[in-house]
Amino acid sequence: MTEANTPTKRKQIDWEAVEMEYRAGVRSLKDIGTEFGVSDAGILKRAKRDGWDRDLSARIQAKADAKVSAAVVSAEVSEARTIAEKQVVEINAQAVANVRLAHRTDIRRLRDHAMKLQNELETMEAATENKAPLATRTAIAKQIADIHKTLVGLEREAWGIQNSTEGNTPQTVTKIVREIVRKE
């Protein structure tokens, strides 16, 4: 066989590495393709076939944060053309702090209200002469559990606590309500 008739060896493509670069969403497809020896069309075809998502959420969030910062700063300090970085950080930090503190206050008020509702339910259950039907008490207990679940999520978000879904499933809430009903 002559050199012209010899089959060419195809370069082995590291698709796992291509996928990681693609999903990072930082580099262009052409740049990724050049590094790994594959066309940008080939990357798109593989991404579609394997269901790869290109995560641009962090970049979008950063761009949105920058736009919000610019809007807040320009509204707060319209006359000053050049604002030192410390001023930008201080103004935006105060704006964010004000919102977070307001959220925390609102959530605390909602929690207090939910606790009053829970206390009313407990008082109603303790009173033997005016005891509501079991179905009514169960429905109220489930609603209070749902309120607490929502409040916990809001509090975790307002306080910047990492969210853990372990143990907070709807099945868990239903199980707790069933256990309360069985005890009666």
Side-chain angles (χ1 to χ4, degrees), residues 16 19-26 47-48 50-77 83 85-184:
E16 287 181 17
E19 179 182 3
M20 286 183 7
E21 291 293 335
Y22 177 86
R23 287 184 176 220
V26 176
K48 184 176 181 181
D50 293 350
W52 298 348
D53 290 324
R54 193 147 196 205
D55 185 13
L56 299 176
S57 61
R59 289 175 53 193
I60 293 168
Q61 184 63 39
K63 183 72 169 184
D65 289 347
K67 287 185 176 199
V68 168
S69 293
V72 169
V73 169
S74 66
E76 297 269 340
V77 189
I83 299 173
E85 187 175 315
K86 282 184 176 180
Q87 290 173 312
V88 172
V89 169
E90 183 61 32
I91 290 168
N92 284 293
Q94 188 60 52
V96 169
N98 291 344
V99 169
R100 289 178 67 188
L101 290 171
H103 287 168
R104 289 177 182 181
T105 300
D106 292 344
I107 292 166
R108 179 79 240 158
R109 289 175 57 209
L110 287 170
R111 177 172 281 291
D112 291 343
H113 186 66
M115 292 308 296
K116 286 177 186 173
L117 291 174
Q118 185 171 341
N119 289 337
E120 285 181 29
L121 175 63
E122 290 169 357
T123 302
M124 182 174 61
E125 287 181 344
T128 54
E129 67 276 356
N130 290 332
K131 206 166 209 173
L134 178 62
T136 302
R137 294 191 326 261
T138 303
I140 293 170
K142 174 141 178 36
Q143 290 171 345
I144 290 173
D146 289 342
I147 290 169
H148 282 291
K149 180 182 173 191
T150 302
L151 284 171
V152 166
L154 290 172
E155 286 173 328
R156 294 178 73 81
E157 185 177 341
W159 287 89
I161 300 170
Q162 292 295 326
N163 195 8
S164 169
T165 57
E166 189 176 310
N168 292 332
T169 62
Q171 294 84 12
T172 304
V173 173
T174 304
K175 184 178 175 184
I176 291 169
V177 170
R178 284 186 184 142
E179 287 177 17
I180 291 170
V181 171
R182 272 191 228 130
K183 289 179 182 178
E184 295 183 11

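Source: prediction; values computed, not measured.
- Of the inter-residue distances, the one linking Leu151 atom CG with His113 atom NE2 reads 10.5 Å to the nearest 0.5 angstrom.
- Atom-to-atom distance recorded for Thr105:OG1 and Arg100:CZ is 12.5 Å, nearest 0.5 angstrom.
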Next on the checklist: One pair to check against salt bridge (Lys or Arg N to Asp or Glu O under 4.0 Å): Glu19 and Arg23. What are the steps and the verdict?
Outcome noted: CA-CA 6 Å; Glu19 179 182 3; Arg23 287 184 176 220; 3.0 Å; yes
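- Among residues at least two apart or in separate chains, salt bridge (charged side-chain N to carboxylate O under 4.0 Å, His left out) pairs with a member in residues 101-111 are Arg108-Asp112, Arg111-Glu155.
- Rounding to the nearest 0.5 Å places CD1 of Ile107 at 7.5 Å from NE2 of His103.
- The CG atom of Asp53 sits 7.5 Å away from atom OH of Tyr22, with the distance rounded to the nearest 0.5 Å.
- Atom CE of residue Met115 and atom CD1 of residue Ile147 lie 11.5 Å apart, to the nearest 0.5 angstrom.
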